[in-house]
There are 2 protein chains.
Amino acid sequence: MLDTASTLFYAEGVHAVGVDRIIAEAAVAKATFYHHFPAKDTLVHAYLTEQFEAQRRTVADFLADSASLPPREVLVRFFDLIVEIGRRPGFRGCPFINAAAEFPDVAHPVRGAILEHRVWFRTMVADLLTAAGDARPRAGADILMLLRDGLAVGCYLDDAAAMRGIVHDALDRILGAPDDPKR
Amino acid sequence: MLDTASTLFYAEGVHAVGVDRIIAEAAVAKATFYHHFPAKDTLVHAYLTEQFEAQRRTVADFLADSASLPPREVLVRFFDLIVEIGRRPGFRGCPFINAAAEFPDVAHPVRGAILEHRVWFRTMVADLLTAAGDARPRAGADILMLLRDGLAVGCYLDDAAAMRGIVHDALDRILGAPDDPKR
DNA sequence: ACTTTACCAGACAGGTCTGTCTACGGTCTG
DNA sequence: CAGACCGTAGACAGACCTGTCTGGTAAAGT
């Protein structure tokens, strides 16, 4: 049920998908739906929480797989991973950014979930930069957050196939050239 | 009427605002509305077109004001301008990115308008880079496009007050340090 | 055997959505 | 003066929205 909702919410937008649609697609009775989720907003929140957890799993797997690589290489491959996801058919941008566009009220729980995800991402990147011996990991993380957001938008709206090269170029400039002794 | 719609669409999202709401706020009869715009989609398209034209006016004014400055300084101030707009109260991100989140169909005219805006922006930045003597203006423009998108998202969802410093740092890294002879 | 829990099917209420239509009032032009 | 045009006010259709409620089924725990 949550899976169905997630697919629809992501593919078409939260406001564009009604409860009727979700229960029809999930082959579930309406009463059952409202038994599990007292309101649609709750489901939206659950949708984003699930996205968050899926991303955390993906990143944990990635970090486990690339534990033996030099830290800078890990960062590059991390962004390669993002591009790879952004190139997959059906990619429609970052679910958190998209949800934020539909929820203007900062006090709404959905916005809280979005914020949590952003804090997590920034912290994680800062840790990677620290591991790479960056002199100012927080500042770097702020910049790489911009890069990530831009990447999500760019893969959705522009030529996703070209993004890999662009990101490599950007990372070389932001982190310094691969053999740059400065960073 | 278009002004009212623009304000509402931007502030609350396109799907969240109904025609009834617009005609009430604009103090206009329903028949009048449908006389000017055969469908709501037409109004949404007009909304984005108007945003596009407003941005072009802003940029034209900016370029006219900064014609005497060195090209690299123009670029920095251009991004300062974006940050300044992003810090204004009521800023809710880029209207084009937000609209894209609500319109999944690439064939929809709204998506065409979004694309036009992106092409315009990229071309303009490439021209600025060319003027600054950049060796690879297209590549630089692709990166600065990422920066712009990230900036719009960041000003909306993160601490907009911190963005100026972050962007200056990012531009130094992307364009090279101010006195870097390489660029 | 009894209760709790989970589920289904679907009617229903009350509201909002887009879009059409009627009926009426000005105002400008030929 | 007549007709074309532009606007208002608002009823209306038909679909869809969220959320509630009734009534019945089935399984699982105690």
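Atom set for the values below is all heavy atoms of this structure, side chains included, hydrogens, waters and symmetry mates excluded. Letters A, B, ... mirror the listed sequences (proteins, then strands); counts begin at 1.
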Pick base, sugar-phosphate or nothing for [X], based on heavy-atom distances below 4.0 Å to the nucleic acid.
X     : result
B/A31 : base
A/H36 : sugar-phosphate
A/A27 : sugar-phosphate

Which one, D/dT8, C/dG19, C/dC8, comes nearest to the side chain of A/T32?
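In terms of side-chain proximity for A/T32, the closest of D/dT8, C/dG19, C/dC8 is C/dC8.
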
Can you tell which of C/dT18, D/dT18, C/dG19 lies closest to the side chain of B/A39?
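Taking heavy atoms from C-beta onward, the closest nucleotide is C/dG19.
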
Would you mind reading off the distance between [X] atom [atom1] and [N] atom [atom2], rounded to a whole angstrom?
X     : N      : atom1 : atom2 : value
A/H15 : C/dC17 : NE2   : C1'   : 13 Å
A/D20 : D/dT18 : CG    : P     : 7 Å
B/R21 : C/dT16 : CZ    : C1'   : 12 Å
A/M1  : C/dA6  : CE    : P     : 12 Å
A/L43 : D/dC17 : CG    : P     : 14 Å
A/Y34 : D/dC17 : OH    : P     : 11 Å
A/I22 : D/dG19 : CD1   : P     : 11 Å
A/I23 : C/dC7  : CD1   : P     : 14 Å

What is the ring orientation for B/F78 with B/F62, classed by angle as parallel under 30°, tilted 30 to 60°, or perpendicular over 60°?
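Correct class here is tilted.
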
Determine, step by step, whether A/F91 and A/Y156 satisfy the ring pair (Phe, Tyr, Trp, His ring centres under 6.0 Å) criterion, reporting the C-alpha distance in whole Å, the side-chain angles of both residues, the deciding distance to 0.1 Å, and the verdict.
CA-CA 6 Å; A/F91 181 76; A/Y156 176 33; 7.1 Å; no

Here's a test for you: under side-chain contact (heavy atoms from CB on, under 4.5 Å), which of B/L75, B/L144, B/D169 qualifies with B/I174?
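Looking at B/L75, B/L144, B/D169, the match for B/I174 under the side-chain contact (heavy atoms from CB on, under 4.5 Å) is B/L144.
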
Step through the shown structure and confirm whether more than 12 heavy atoms of other residues, nucleotides or ligands are within 6.0 Å of CZ on A/R56.
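More than 12 heavy atoms, drawn from other residues, nucleotides or ligands, come within 6.0 Å of this atom.
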
hbond_proxy A/K30 side chain to D/dG19 base (donor-acceptor, 3.5 Å cutoff):
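Result: at least one qualifying N/O pair found.
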
Should B/R21 and B/E12 count as an ion pair when the cut-off is N to O under 4.0 Å?
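Salt bridge: yes.
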
With nearest nucleotides of DNA chain D determined for A/V17 and B/V28 from heavy-atom distances, which residue corresponds to the more 5′ nucleotide?
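Between the two, 5'-proximity favours B/V28.
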
